[in-house]
Amino acid sequence: MIQPTLFLPHGGGPCFFMDPTDPQSPHSDPMWQPMQDYLAGIVDSLPERPRAILLVSGHWEEAAFTVHVGERPNLLFDYYGFPPHTYALRWDAPGASGLARRAAALLAQAGLATAEDSERGWDHGVFIPMKVMLPDADIPLAQLSLRHDLDPAAHIAAGRALAPLREEGVLIVGSGMSFHNLQVRGERAVDPSTQWDEALTDAVTDPDPQRRAARVAAWADLPHARFAHPSAEHLLPLMVALGAGGDDPAALSHRSSVLGWTVSGYRFG
């Protein structure tokens with residue numbers, strides 16, 4: 001059965017695990033609860049349980065698309081200023097080196113340069129949403145980097161190259177944030193983030209696949225684009241998910257408000 005592809009919001013730092021009395025279980029404050037509930041329900045929403053997950057995080061950039069081939073990566077606590085217990089979190093899923101190398105081969109066949117890494121830990125764009133989505137850490141995962149140039153067309157092309165994995169039981173996930181400007185929050189963010197989100201969602205859910213890809217690749221032309229994303233790294237995982245979605249229908253799968261931001265998730269197929 002063909003898996004869909006997802007672009008999901010991974011929250012802010014360890015936002016779902018801020019309760020020091022039970023640090024390994026998600027207990028978010030009310031602001032984060034809708035996002036947490038969405039992540040927790042993803043597996044049950046799929047046509048079948050994935051054989052493996054290929055995840056692209058907004059927190060890993062390399063000169064070429066790079067696959068992680070480690071067998072059981074450590075965690076990379078790449079957030080700052082949070083309580084001590086959030087630096088002792090665990091998510092012990094196995095790596096998926098075979099899937100990683102299969103993904104690299106598909107990218108290479110599409111003319112995209114690739115590399116391998118076996119030492120880097122899984123960043124919080126991986127383990128924070130996955131701890132909510134898969135608390136038992138029982139599905140192998142391979143991580144794919146962004147390309148450092150953050151070229152939208154290249155990331156859409158990468159997604160298209162990876163699309164055959166969907167027929168092999170692999171869930172392709174882009175992990176980022178549809179709004180990511182840490183310098184603004186509260187009332188100042190509400191109106192522009194809402195207008196940005198409406199425009200982005202209209203582009204992402206365009207029923208014409210070619211027009212959809214062109215509109216999302218031109219994201220910087222949308223209203224309040226650079227207010228929403230001063231840098232594009234948290235949006236680029238969407239491009240991979242969209243590309244892998246191919247001609248399948250696209251839908252808004254989550255929308256919530258956090259910090260005055262409107263934040264959305266999307267599903268293709």
Side-chain angles (χ1 to χ4, degrees), residues 4-13 15-16 28-39 42 56-59 61 79 124-125 128-129 146-147 149-156 158-159 173-245 249-268:
T5 74
L6 305 175
F7 173 72
L8 56 82
H10 62 229
C15 60
F16 310 117
S28 64
D29 67 34
M31 176 178 65
W32 295 103
Q33 191 68 50
M35 192 180 297
Q36 176 181 307
D37 291 345
Y38 162 67
L39 294 171
I42 285 176
V56 185
S57 165
H59 289 275
E61 301 172 31
Y79 43 71
H124 77 273
I128 291 298
L146 299 174
R147 204 170 75 179
D149 63 5
L150 303 181
D151 175 39
H155 288 78
I156 292 173
V173 175
S175 172
M177 290 286 279
S178 62
F179 184 99
H180 192 259
N181 184 344
L182 300 179
Q183 304 306 309
V184 295
R185 58 189 64 195
E187 287 300 318
R188 182 185 167 205
V190 172
D191 287 344
S193 75
T194 300
Q195 293 171 37
W196 152 258
D197 188 84
E198 290 174 350
L200 178 65
T201 298
D202 188 67
V204 170
T205 59
D206 191 316
D208 182 285
Q210 292 185 335
R211 191 171 59 215
R212 174 200 308 163
R215 292 176 66 189
V216 176
W219 69 272
D221 296 333
L222 297 177
H224 304 290
R226 288 299 179 182
F227 182 88
H229 290 279
S231 178
E233 77 286 339
H234 274 69
L235 190 63
L236 266 293
L238 169 61
M239 312 297 172
V240 180
L242 182 151
L252 177 71
S253 58
H254 170 75
R255 178 174 280 158
S256 59
S257 178
V258 294
L259 304 171
W261 309 345
T262 299
V263 179
S264 291
Y266 304 101
R267 176 171 174 146
F268 303 90

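This is a predicted model, so every value here is computed, not measured.
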Contact check, side chains of L236 and E233, non-hydrogen atoms, under 4.5 Å
no

Are any of the side-chain heavy atoms of R215 and D202 separated by less than 4.5 Å?
yes

Using distance alone, with no hydrogens and no angle criterion, decide if Y266 and T205 have a side-chain donor and acceptor under 3.5 Å apart.
no

Less than 6.0 angstrom separating the ring centers of H234 and H229, yes or no?
no

Grab the two heavy atoms, one from P237 and one from G58, that are nearest each other, plus how far apart they are.
CG-N, 3.7 Å

How far apart are the C-alpha atoms of L238 and W219, what are their side-chain angles, what is the distance that settles it, and do they pass the side chain to side chain contact (heavy atoms under 4.5 Å, CB included) test?
CA-CA 11 Å; L238 169 61; W219 69 272; over 6 Å; no

Shortest non-hydrogen contact from S256 to M35?
OG-CE, 3.9 Å

Between atom CG of L182 and atom CH2 of W261, what is the distance when rounded to the nearest 0.5 Å?
5.0 Å

At their closest point, which heavy atom of A203 faces which heavy atom of R212, and how far apart are they?
O-CG, 3.5 Å

Any side-chain heavy-atom pair of F227 and Q195 under 4.5 Å:
no

Tell me, do L8 and H254 make a side-chain contact under 4.5 Å, heavy atoms counted?
no

I need the S264 OG to E198 CD distance, nearest 0.5 Å.
9.5 Å

Grab the two heavy atoms, one from I156 and one from A217, that are nearest each other, plus how far apart they are.
CD1-CB, 3.9 Å

Minimum heavy-atom distance between P209 and P207, given as atom pair plus value:
CD-O, 3.3 Å

Heavy-atom side-chain proximity of V216 to P152 below 4.5 angstrom:
no

Is the backbone of S57 close enough, under 3.5 Å, to the side chain of S175 for a donor and an acceptor to pair up by distance?
no

D197 side chain near S178 side chain, heavy-atom distance below 4.5 Å:
yes

Taking the side chain as every heavy atom from C-beta outward, state whether P9 and Y38 have any atom pair closer than 4.5 Å.
yes

How many angstroms lie between CE in M239 and CZ in R147, if you round to the nearest 0.5 Å?
13.5 Å

Checking I42 against V173 for the side chain to side chain contact (heavy atoms under 4.5 Å, CB included) test, could you report, in this order, the C-alpha distance in whole Å, the side-chain angles of both residues, the deciding distance, and whether it holds?
CA-CA 11 Å; I42 285 176; V173 175; over 6 Å; no

S193 side, atom OG; H180 side, atom NE2 - distance, nearest 0.5 Å:
14.0 Å

Once you round to the nearest 0.5 Å, how far does CG of N181 lie from CG of L259?
11.5 Å

Run the side chain to side chain contact (heavy atoms under 4.5 Å, CB included) check on F179 and T262 step by step: do they pass?
CA-CA 7 Å; F179 184 99; T262 299; over 6 Å; no

Tell me the closest heavy-atom pair linking V184 and R188, and the distance in Å.
CG1-NH1, 3.0 Å

Does D37 form a side chain to side chain donor-acceptor pair (under 3.5 Å) with Q33? I'd like the steps, not just the answer.
CA-CA 6 Å; D37 291 345; Q33 191 68 50; 2.8 Å; yes

Report the residues that fulfil ring-ring contact (aromatic ring centres under 6.0 Å, His included) with H155, sequence neighbours left out, ordered by chain and then residue number.
F65

Nearest 0.5 Å, what's the CZ-OG distance between R226 and S231?
7.5 Å

Would you check if F7 and V56 make a side-chain contact, meaning some heavy-atom pair closer than 4.5 Å?
no

